[in-house]
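All of these numbers come straight from a predicted model, not from anything done at the bench.
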Amino acid sequence: TLFRSAVSTHPSIVTKTVPILLRYLHLPQKAELNDGDMVSVCQSLHRVALQCQEDAESLRYFHETVVPRLLVLTLQASMQAKNVKSMVPLLLEENILSAMVPVISAVSSRLIPEIGRA
């Protein structure tokens, strides 16, 4: 599929490439992405998050930027669905939301011990 990605945990690469993946989650209203594409984006984010668990700076970026962005995108989609009752935004499909969970879980599970050491 379109969103298979090589994984790099170097902070400068993570902070440049991850926003590109996040942009794809915001595009479905404007582009021709399907739910499979969006699941692939989440899976790519998950792979990067898993690899970043050993790099404190990249992990912190995920915690401070990626997780809040995922939550904001979901909240925005939910508010849009509330306003336009005839159409549920693609981002709220169960398989896409389910694909976000491992990203948040990977970041959260490793960050808790990191915070304890700080």
Side-chain angles (χ1 to χ4, degrees):
T1 124
L2 191 88
F3 299 103
R4 298 286 179 208
S5 61
V7 177
S8 174
T9 60
H10 192 277
S12 66
I13 294 173
V14 169
T15 59
K16 297 269 191 287
T17 58
V18 168
I20 294 167
L21 289 170
L22 288 172
R23 246 180 269 138
Y24 279 104
L25 294 177
H26 189 54
L27 286 177
Q29 301 144 29
K30 301 173 187 144
E32 292 299 319
L33 292 180
N34 61 42
D35 60 335
D37 292 334
M38 295 185 72
V39 168
S40 292
V41 169
C42 292
Q43 290 169 341
S44 293
L45 287 169
H46 181 235
R47 281 193 296 279
V48 176
L50 288 173
Q51 294 297 316
C52 285
Q53 289 184 348
E54 300 304 319
D55 183 275
E57 189 176 342
S58 293
L59 184 63
R60 190 164 306 280
Y61 173 77
F62 260 82
H63 176 68
E64 293 174 355
T65 305
V66 177
V67 171
R69 186 68 185 140
L70 289 174
L71 296 174
V72 164
L73 286 171
T74 305
L75 181 60
Q76 287 172 340
S78 177
M79 296 303 289
Q80 177 188 5
K82 205 174 192 181
N83 292 333
V84 183
K85 296 181 188 217
S86 63
M87 187 178 90
V88 175
L90 188 59
L91 193 59
L92 295 180
E93 302 249 344
E94 185 177 346
N95 60 335
I96 298 167
L97 291 172
S98 294
M100 285 184 193
V101 172
V103 178
I104 296 168
S105 179
V107 173
S108 301
S109 67
R110 182 67 177 167
L111 190 62
I112 293 168
E114 289 295 321
I115 290 175
R117 288 187 224 149

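Minimum interatomic distance between Gln53 and Ala106 (heavy atoms only, all atoms of both residues): NE2-O, 2.8 Å. When all heavy atoms of Val103 and Ala99 are compared, the closest pair comes out as CG2-O, 4.0 Å. Here the closest non-hydrogen pair linking Val66 and Val18 is CG2-CG1, 3.5 Å.
Within 6.0 Å of CD on Gln76 lie more than 12 heavy atoms contributed by other residues, nucleotides or ligands.
In this structure, Leu73 CG and Ile96 CD1 are separated by 11.5 Å, a value rounded to the nearest 0.5 Å. In this structure, Ile104 CD1 and His46 NE2 are separated by 11.0 Å, a value rounded to the nearest 0.5 Å. Put simply, CD on Gln43 and CE on Met100 are 12.5 Å apart, with the number rounded to the nearest 0.5 Å. Atom CD of residue Glu54 and atom CG of residue Leu59 lie 9.5 Å apart, to the nearest 0.5 angstrom. Annotation: the span from Glu93 atom CD to Ser98 atom OG amounts to 11.0 Å, rounded to 0.5 Å. Between the CG atom of Leu97 and the CG atom of Leu92 there is a distance of 6.0 Å, given to the nearest 0.5 Å.
In the hydrophobic clustering of this structure, Val72 does not group with Ile20; members are Ile, Leu, Val, Met, Phe, Trp, Tyr whose side-chain heavy atoms approach within less than 4.5 Å, directly or through other members. Leu21 and Leu50 fall into different hydrophobic clusters, where Ile, Leu, Val, Met, Phe, Trp and Tyr are joined by side-chain heavy atoms under 4.5 Å apart, directly or via other members. When hydrophobic clusters are built by joining Ile, Leu, Val, Met, Phe, Trp and Tyr residues whose side-chain heavy atoms come closer than 4.5 Å, directly or via intermediates, Leu75 is not grouped with Leu71.
The side-chain heavy atoms of Cys42 and Leu25, taken from C-beta on, include a pair separated by under 4.5 Å.
When Val48, Asp55, Leu70 are each tested for a side chain to side chain contact (heavy atoms under 4.5 Å, CB included) with Phe62, only one passes: Val48.
Without hydrogens or angle criteria, Ser109 side chain to Ser105 main chain gives a donor-acceptor distance under 3.5 Å.
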